[in-house]
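Predicted, not measured: the structure shown is a model, and the values here were computed from it.
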Amino acid sequence: MSQGPLVIQFAMRMEAAPLLAAGHFQPISLSVPDHRYGFLIHQGQTRLGNEVIVAIAGIHPRDQVDSIGTLSAGLLTHVLISQFQPRMIINAGTAGGFHARGGQVGDVYLGESPVVFHDRRVQLPGNFPRFSEGHRPVRHDLELRQALGLKAGVVSSGDSLDCTDEDMKHLLRLGASVKEMEAAAIATICEARAVPLVLLKSITDIVDDHPQSEGLSTEEQFLKNYSFAVSSLIAKLESVIEWYSR
Ligand code: ADE
């Protein structure tokens, strides 16, 4: 394994903010002109004293919102690996969960292999179905999961926050416990570049119908529960970083 740094990759500024605020970090520049994409990179130490690089997909230069989704995530991963040769990437973020799989708001999942896409469907002969759905490996250490009391589950990515009936059909077929918007793209790059990838995802909303969602839409649940889910995420993330820094 490379001796390079541990990189923590986020999609949204507010997901990374508590980790950055609790530690000692400096903004750094990328060697490629990163202002065109809005990537935000910090280097420093977490509250527990572990050296990491924190990379955020950042603020889209035109639309001035967080650059969520698979395109920015994959591009950022490519740039990070090219510049830093990380020994591991931890992709941390928020996600939707499934009541049918025991998911609750604030649960933190350690992703299991394979990580998939639920909205890339190409039923052509040959390997097109598998290629489209991704099915990439991720690092999942049972000992770590048990030590931190994390949930285990398959993470599925797509480029929409909502969930159509067709998406739901494929999420169920793929056995997803976690629905989010970046991991499968990051895994595509990590597999190609032989960098181990850990997925840590905290639940903001319940995707399948359940009284816990109180009739709220995905968007309403997301906004209501976001701060709580981010606090749960960061509490676990600091320990995951400590684990992989020993
Ligand atoms: N991030 C948080 N909740 C999500 C959901 N339901 N789908 C995709 N990404 C999310």
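Between K179 and D162 no salt bridge is recorded (no basic side-chain N to carboxylate O distance below 4.0 Å). Taking 4.0 Å as the cut-off between side-chain N and carboxylate O, R139 and D141 count as a salt-bridged pair. A salt bridge links E133 with R173: at least one charged nitrogen is closer than 4.0 Å to a carboxylate oxygen.
From S217, atom OG reaches atom NZ of K224 across 11.5 Å, with rounding to the nearest 0.5 Å. Taken to the nearest 0.5 Å, the CG atom of N91 stands 9.5 Å off from the CG atom of L76. Here the straight-line distance linking atom NE2 of H135 with atom OG1 of T188 works out to 11.5 Å at 0.5 Å rounding.
H60 and Q64 are not linked by any side-chain donor-acceptor pair at a separation below 3.5 angstrom, with hydrogens and angles left out of the test. Looking only at atom types and distance, the side chain of T46 has no donor-acceptor partner in the side chain of E238 under 3.5 Å away. Side-chain polar atoms of T204 and N225 form no donor-acceptor pair below 3.5 angstrom. H78 and R193 form a side-chain donor-acceptor contact under 3.5 Å, judged by distance and modelled atom types alone.
Partner F84 forms a side chain to side chain contact (heavy atoms under 4.5 Å, CB included) with one of I41, I89, V79, L6 and no other, that one being I41. Residue R120 forms a side chain to side chain contact (heavy atoms under 4.5 Å, CB included) with just one option from S157, S132, P129, and that option is S132.
Within 6.0 Å of atom NE2 in H140, more than 12 heavy atoms from other residues, nucleotides or ligands are found, so the atom counts as buried in its surroundings. Other residues, nucleotides and ligands contribute only 12 or fewer heavy atoms inside 6.0 Å of the CZ atom of R130.
Hydrophobic cluster membership for L171: F98, M168, L172, V207 (Ile, Leu, Val, Met, Phe, Trp, Tyr linked by side-chain heavy atoms under 4.5 Å, directly or transitively).
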>> As a quick check of understanding, evaluate side-chain contact (heavy atoms from CB on, under 4.5 Å) for V154 and L174, giving each step before the final call.
In response: CA-CA 8 Å; V154 166; L174 293 161; 5.6 Å; no

>> Could you go through D119 and R121, starting from their C-alpha distance and side-chain angles, then the distance that decides it, and tell me whether this counts as salt bridge (Lys or Arg N to Asp or Glu O under 4.0 Å)?
In response: CA-CA 6 Å; D119 67 352; R121 299 181 281 272; over 6 Å; no

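For Q221 (side chain) and I206 (main-chain N/O), a donor-acceptor pair under 3.5 Å exists by modelled atom type.
In this pair, F39 and Y37 present their aromatic rings parallel. The plane angle is below 30°, not in the 30 to 60° band.
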Please report, to 0.1 Å, the donor-acceptor pairs under 3.5 Å made by any side chain of residues 13-23, with sequence neighbours excluded.
unit_1 : atom_1 : unit_2 : atom_2 : d
R13    : NE     : D66    : OD1    : 2.9
E15    : OE1    : M12    : N      : 3.2
E15    : OE2    : T94    : N      : 3.2
E15    : OE2    : T94    : OG1    : 2.8

